[in-house]
Number of protein chains: 4
Amino acid sequence: MPATWKSNLEVTIFGESHGKAIGVVLGNFPAGIKVDEEFIAVQMKKRAPGLNIMSTSRKEADKVEIVSGVFEGMTTGAPICGMIYNSDQHSKDYSILKEKMRPAHSDYPAAIRYNGFNDVRGGGHFSGRITAPIVFAGALCKLALKQKGIEIVSHIAQIKDVHDDLFPMDITPEMVERLSNMQYPVIKEGVFEQMSETIDEARWGQNSVGGKIECAILNVPVGLGDPFFDSVESKLSSLMFSIPAVKSIAFGNANISELTGKEANDEYYYDEFKNVKTTTNNNGGILGGITTGMPVVFTLGLKPTSSISLKQNTIDIKSRENTTLEIVGRHDPCVVLRAAVVVEAMSAIAALDLLND
Amino acid sequence: MPATWKSNLEVTIFGESHGKAIGVVLGNFPAGIKVDEEFIAVQMKKRAPGLNIMSTSRKEADKVEIVSGVFEGMTTGAPICGMIYNSDQHSKDYSILKEKMRPAHSDYPAAIRYNGFNDVRGGGHFSGRITAPIVFAGALCKLALKQKGIEIVSHIAQIKDVHDDLFPMDITPEMVERLSNMQYPVIKEGVFEQMSETIDEARWGQNSVGGKIECAILNVPVGLGDPFFDSVESKLSSLMFSIPAVKSIAFGNANISELTGKEANDEYYYDEFKNVKTTTNNNGGILGGITTGMPVVFTLGLKPTSSISLKQNTIDIKSRENTTLEIVGRHDPCVVLRAAVVVEAMSAIAALDLLND
Amino acid sequence: MPATWKSNLEVTIFGESHGKAIGVVLGNFPAGIKVDEEFIAVQMKKRAPGLNIMSTSRKEADKVEIVSGVFEGMTTGAPICGMIYNSDQHSKDYSILKEKMRPAHSDYPAAIRYNGFNDVRGGGHFSGRITAPIVFAGALCKLALKQKGIEIVSHIAQIKDVHDDLFPMDITPEMVERLSNMQYPVIKEGVFEQMSETIDEARWGQNSVGGKIECAILNVPVGLGDPFFDSVESKLSSLMFSIPAVKSIAFGNANISELTGKEANDEYYYDEFKNVKTTTNNNGGILGGITTGMPVVFTLGLKPTSSISLKQNTIDIKSRENTTLEIVGRHDPCVVLRAAVVVEAMSAIAALDLLND
Amino acid sequence: MPATWKSNLEVTIFGESHGKAIGVVLGNFPAGIKVDEEFIAVQMKKRAPGLNIMSTSRKEADKVEIVSGVFEGMTTGAPICGMIYNSDQHSKDYSILKEKMRPAHSDYPAAIRYNGFNDVRGGGHFSGRITAPIVFAGALCKLALKQKGIEIVSHIAQIKDVHDDLFPMDITPEMVERLSNMQYPVIKEGVFEQMSETIDEARWGQNSVGGKIECAILNVPVGLGDPFFDSVESKLSSLMFSIPAVKSIAFGNANISELTGKEANDEYYYDEFKNVKTTTNNNGGILGGITTGMPVVFTLGLKPTSSISLKQNTIDIKSRENTTLEIVGRHDPCVVLRAAVVVEAMSAIAALDLLND
């Protein structure tokens with residue numbers, strides 16, 4: 001398995017769900033950025049489990065130990081390694097996972113890919129837990145972006161069939177502030193209560209639900225990115241599909257395929273300060289692969305949690321027979337809630353990478 | 001602007017819509033593949049304009065001259081360069097394009113990105129015409145994939161609000177054959193006539209429409225790809241968003257976010273030949289970033305053609321004033337029709353790249 | 001075979017010695033550089049064969065046709081493709097090359113690597129002729145570097161046992177000018193006559209000779225490059241060993257291993273204008289992988305031309321027997337003469353790449 | 001600063017000389033390799049300081065803690081993170097290092113490159129100490145290579161003007177065994193005593209000396225590598241110049257530039273078992289960038305240790321005045337001794353990378 005995403009920035013991840021530690025190494029990060037540990041802790045907490053009845057009840061501190069690349073509170077330009085030690089390692093028998101393939105998990109393709117040597121405990125390196133170091137890396141990138149006025153904001157756009165409002169054309173600093181301070185950010189008043197009910201219903205039914213996250217990168221300068229292979233959409237989508245459970249992405253207006261050109265084309269105008277703006281943002285702030293200066297907006301679709309306690313049909317690859325499986329243990333009935341900060345982190349990585357181009 | 005996608009394969013593109021030629025260099029392509037020139041010509045013809053009232057009336061032969069990498073009809077392992085000469089170069093005045101920014105085109109962000117030096121004639125290197133060399137590269141990849149039994153097939157899933165059927169669970173060789181032989185592949189009888197009407201309506205209204213393409217990669221071995229940064233979804237999406245007009249991608253069931261885990265989880269079974277299958281394919285043949293052996297299926301959303309003749313509001317970056325614009329000339333009222341073979345080509349590039357991993 | 005070197009710049013090469021054409025695609029080249037065609041032609045001429053009794057007598061014009069990336073005489077930022085058509089293609093029988101392996105050529109390892117499918121005519125893609133497009137790419141990079149005051153200069157430091165002087169500490173603009181205007185640049189008066197005699201002797205003996213080239217990159221800003229994997233030495237050496245026949249590289253004083261620390265350490269001082277200088281340049285302008293602001297200096301060792309007419313022992317891989325071989329035809333008795341401009345070109349690519357970092 | 005070398009393998013390094021820890025992440029390492037911890041410890045010990053009067057007297061255990069990628073003693077295919085904690089951190093005042101630039105160190109270019117934010121304590125991330133994780137990564141690669149019969153061996157070819165014998169044409173398993181078991185490997189009887197004397201003399205004179213290392217990769221299959229940018233020489237040299245103090249590399253016969261073609265060309269023959277061999281190996285087992293099946297042999301030149309206690313002239317970048325400097329503390333008078341195992345480690349990384357191609 002590769003460890004590294006190498007572009008202008010370099011992000012290297014390692015670790016397993018039930019190993020000693022998980023972590024990340026961030027290369028080519030700019031020197032001279034002040035490391036705000038409190039800000040980092042808040043970001044980590046948003047992803048951490050066990051904070052809410054709606055998430056899995058495992059208590060993981062997810063405290064990051066910065067091993068390198070920071071001196072006297074400032075980044076040095078050298079690779080930054082952040083480690084998160086796994087306090088909650090289990091020694092129980094996982095051998096069943098080498099035989100009965102959990103549906104919609106990586107178990108089966110990974111067993112073939114790595115000749116059965118992959119660590120199956122808790123999903124090993126395939127665990128969603130590996131997104132914790134991504135949140136740390138993203139937090140550092142957010143700190144570097146803030147110096148340039150760039151903000152990243154997201155909200156839970158949908159849980160199963162419960163929809164939040166979408167971002168308005170004008171995402172105000174107040175809205176950014178409000179959403180950033182919510183553990184589970186939503187725009188529409190009262191919608192989170194409905195979402196909670198939907199999730200609870202899934203939980204009691206030993207089932208799970210999926211949903212959508214909408215994310216915006218604000219104050220992006222015009223002219224980042226390139227056509228074709230290095231389009232901003234290519235870079236962002238490539239990173240977003242690295243997040244487990246993400247199965248779709250749509251830039252700008254998710255229904256753009258159903259519009260006419262006249263409706264879809266974002267018309268330009270100079271505002272009163274001679275800034276270039278568009279009246280709509282159906283293209284999500286990207287044209288020809290390059291940023292237009294309007295917010296970069298996209299929506300991700302996440303599938304329902306694969307781990308459910310309901311009995312499922314599957315195969316036993318040891319006996320080579322059909323069989324059934326009931327997955328016991330603690331599972332998030334909906335990973336969407338904790339994924340928003342991961343999506344923001346990946347967006348921050350992409351945005352800083354584009355700026356360093 | 002970067003020219004090269006470098007993975008296990010290398011794809012380098014160059015050229016401008018109104019320059020001498022456009023082309024591609026394919027590196028790390030396997031030696032010993034027979035170059036079927038007729039097959040290549042058929043692929044090129046599917047993308048070529050002017051074949052149908054529904055496409056722009058420009059006649060471009062799009063004949064590929066193979067400059068290197070082929071000896072006595074076989075690939076040699078050396079880089080393959082394919083050139084397509086532009087027979088239809090125009091010398092008319094394009095200076096207006098440096099001033100009035102066409103909405104939803106790359107004009108404005110490119111002018112900023114390249115300090116006004118970018119070639120604006122026909123969109124320059126941003127032109128959809130650059131997908132012609134991609135089709136050539138994809139045709140070569142298809143030939144290499146066929147030797148391993150891997151097939152790629154696509155259809156026009158939607159034009160504005162006219163929907164084709166989606167792929168069934170079992171995509172038979174007969175269906176592949178039938179769709180591959182259609183200039184505009186659709187599954188449902190009679191639906192293309194409705195699509196044509198929708199496109200004609202847009203044309204007469206000096207407007208344009210978008211749509212969707214569904215694509216499947218068949219007979220993919222289980223175990224290609226890797227978790228996180230090198231997920232199959234990351235690789236495919238990154239390439240797909242290199243195609244102009246593509247604005248969304250969804251793997252497997254595009255509505256998976258609205259399903260429960262019980263509904264979404266693809267249950268495994270051994271078929272009568274002890275092959276591993278799943279009863280559904282909501283995950284589009286990819287789990288944990290790795291292929292499962294089921295068809296890799298995804299749907300792309302394309303926006304309506306940006307060039308429309310209707311009057312639009314925009315800016316003049318020379319005078320720095322608001323203005324209006326009417327784009328004259330020949331435009332595809334719907335690029336979706338010609339894009340299917342481009343999508344297949346990119347899929348072939350991705351699939352061969354994964355096999356070479 | 002891979003085609004592309006992808007760093008901040010992208011260089012993609014293609015073509016075979018006896019194919020239709022050879023060429024290069026240059027990606028991420030800056031927009032707005034004036035393309036001085038005369039300068040390019042002069043550079044191409046330095047590498048071109050047939051100019052001198054000392055080189056092979058084949059007449060190859062090596063005129064570059066710029067296919068893309070240039071508009072109205074200026075680079076546009078889009079990929080630049082330069083093509084050189086092969087006027088001098090031969091149709092003679094090369095089948096012997098698939099059987100009898102020429103010593104010190106790529107014949108044998110390439111036959112194994114590419115399963116016998118590699119184009120053997122004139123060495124195919126392994127031909128030194130592929131360095132012609134590199135010279136074109138390097139000429140463009142030199143034009144971009146000149147805008148920043150950076151100059152590249154080289155000389156023939158050694159032919160067999162005939163030595164030129166090495167670069168002095170102070171390489172003056174006059175010396176750069178003088179060496180740049182020589183077809184075969186040497187520093188010491190009269191030394192080229194001795195070199196010529198040595199080469200002639202080899203020619204008459206149906207033999208060949210090797211030699212060394214010393215190259216300097218001048219006016220490099222301090223602070224380019226990075227430690228470890230991205231050291232300036234790593235980047236330069238990687239590119240230099242892409243040039244056929246290069247077998248060694250030494251940065252700075254080639255005898256540094258035999259000095260003491262006191263002798264080898266380049267002591268700093270402020271000159272009268274408060275510029276930082278060193279009294280010696282044993283480290284070749286690079287410390288910790290990063291440029292110091294002193295000239296980046298290195299020496300390359302090239303092996304003697306592998307093609308010689310003397311009878312040699314070898315193997316026949318068809319009959320699997322030991323045999324002998326006499327290579328007929330025109331060969332350079334010494335490739336060092338024509339290689340200096342190739343070395344400069346690769347240096348220019350490296351230097352522009354470092355600046356774009 | 002970048003952290004990652006990304007090819008087929010991925011090697012990511014991090015840490016500072018006086019930070020909490022240094023480490024490495026190895027991506028794309030094959031699954032199913034048995035991790036021989038004793039072998040790893042022996043490799044680490046060869047590089048570790050303090051073992052000999054000839055090395056610096058600091059005691060560093062350099063024990064590697066494997067954090068991820070290994071389960072039940074076998075590699076899992078997931079990224080392998082190895083950590084080495086710094087037991088010997090000093091808190092003394094290093095502020096002088098921000099002012100007075102040590103000659104031949106990275107101090108000055110790094111201060112400019114990273115705007116003075118780089119960690120100067122013990123050289124920070126520029127420290128030769130960062131080669132310890134490389135030795136660990138190399139040890140793992142050696143274990144994987146051994147399964148394929150590939151061995152790597154090196155010896156100290158030269159210390160200042162004291163020369164060891166060079167490798168003979170036939171490097172026997174006995175020679176490999178003997179050299180591998182020596183802390184300071186040399187071929188010629190008694191030569192190490194002379195080398196020791198030379199080093200001691202430097203030490204007593206508060207000075208330092210450099211030297212050369214010759215390395216061979218044995219039993220490499222024919223047909224690894226590619227022409228031009230991906231030549232085996234390019235890959236190896238790029239990695240070797242990542243090792244601090246390395247300033248030159250020569251493949252095969254270091255004097256090949258002074259030979260004639262007849263002398264330099266390695267003639268092929270079939271041996272009694274119909275294996276392809278060459279009578280000489282002046283090309284160091286590489287032709288056209290591709291391995292020939294003969295040993296891959298190369299020689300590295302290392303400069304004398306930059307840190308010497310003798311008074312040196314330099315600059316003070318704070319006061320911007322010329323000044324002098326005496327570097328106090330413990331320094332290796334010759335880094336060549338400990339570098340051999342680092343060179344082998346980098347060779348192992350390169351060789352495994354070529355095999356995975």
Side-chain angles (χ1 to χ4, degrees), chain C residues 1-2 5 101 103-104 106 109-110 112-113 126 160-161 207-212 222-223 226-231 233-234 237-238 241-242 247-251 256-262 264-270 283 287-288 290 292 301 303-306 308 310 312-315 322, chain D residues 1-2 5 101 103-104 106 109-110 112-113 126 160-161 207-212 222-223 226-231 233-234 237-238 241-242 247-251 256-262 264-270 283 287-288 290 292 301 303-306 308 310 312-315 322:
Chain C
M1 306 178 206
W5 181 76
M101 302 290 98
S106 62
I112 302 297
R113 177 80 169 100
F126 286 82
K160 200 165 183 282
D161 51 2
N207 210 335
S208 64
V209 289
K212 292 190 175 174
V222 58
D226 277 294
F228 297 100
F229 300 126
D230 279 23
S231 77
E233 291 107 326
S234 289
S237 68
S238 170
F241 282 115
S242 303
K247 293 300 279 189
S248 73
I249 188 167
F251 289 91
I256 199 167
S257 300
E258 295 170 22
L259 303 184
T260 65
K262 178 67 179 162
N265 286 359
D266 301 311
E267 295 187 328
Y268 293 107
Y269 68 97
Y270 282 110
N283 285 282
L287 289 174
I290 305 178
T292 64
K303 66 177 184 177
T305 316
S306 305
I308 57 173
L310 287 173
Q312 298 178 88
N313 295 311
T314 191
I315 53 173
N322 292 322
Chain D
M1 306 178 207
W5 182 76
M101 302 291 98
S106 62
I112 302 297
R113 177 80 168 102
F126 286 83
K160 200 166 184 279
D161 51 2
N207 210 336
S208 63
V209 288
K212 291 190 175 174
V222 55
D226 277 293
F228 296 100
F229 299 126
D230 280 23
S231 77
E233 291 107 326
S234 289
S237 67
S238 168
F241 282 115
S242 303
K247 294 300 279 190
S248 73
I249 188 167
F251 289 91
I256 199 168
S257 300
E258 295 170 22
L259 302 185
T260 65
K262 179 67 180 163
N265 286 0
D266 301 311
E267 294 187 328
Y268 292 107
Y269 67 97
Y270 283 110
N283 284 282
L287 289 175
I290 305 179
T292 65
K303 65 177 185 177
T305 315
S306 305
I308 57 173
L310 288 172
Q312 298 178 88
N313 294 311
T314 191
I315 53 172
N322 292 321

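Below, all heavy atoms of this structure are taken into account, side chains as well, without hydrogens, waters or symmetry copies. Every chain is numbered from 1, with letters handed out A, B, ... down the list of sequences.
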Identify the heavy atoms of [X] and [Y] that sit nearest to each other, and give their distance.
X      : Y      : result
D:F126 : C:I290 : CZ-CD1, 3.6 Å
D:M1   : C:D226 : CA-OD1, 3.4 Å
D:P103 : C:E267 : CB-CA, 4.3 Å
D:S242 : C:F229 : OG-CA, 3.3 Å
D:N322 : C:Y270 : OD1-N, 2.6 Å

Pick from D:G210, D:S208, D:G301 with the largest number of heavy-atom pairs that fall under 4.5 Å of chain C: D:S208

Residue among D:I308, D:D161, D:N313, D:D266 with most heavy-atom pairs under 4.5 Å to chain C: D:N313

Quick one: what part of [X] sits under 4.5 Å from any heavy atom of chain C, side chain, backbone, both or neither?
X      : value
D:L287 : both
D:S231 : side chain
D:I249 : both

Chain D: which of [options] shares the most heavy-atom pairs with it under 4.5 Å?
options                        : value
C:N207, C:T305, C:L310, C:V209 : C:N207
C:S306, C:S248, C:P304, C:A250 : C:P304
C:M101, C:K212, C:E233         : C:E233
C:S106, C:A110, C:A264, C:G261 : C:G261

Do the side chain of [X] and the main chain of [Y] share a donor and acceptor less than 3.5 angstrom apart?
X      : Y      : answer
C:K160 : D:L259 : no
D:S234 : C:S238 : yes
D:D230 : C:P2   : no
C:N265 : D:A104 : no
C:S257 : D:G211 : yes

Sequence-distant partners of C:F251, ring-ring contact (aromatic ring centres under 6.0 Å, His included), two or more places apart: C:F298, D:F241

Counting only heavy atoms closer than 4.5 Å, note whether [X] contacts chain D via side chain, backbone, both or neither.
X      : result
C:I112 : side chain
C:T260 : both
C:N283 : both

Polar side chain donor-acceptor pair, C:S237 to D:S237, under 3.5 angstrom: yes

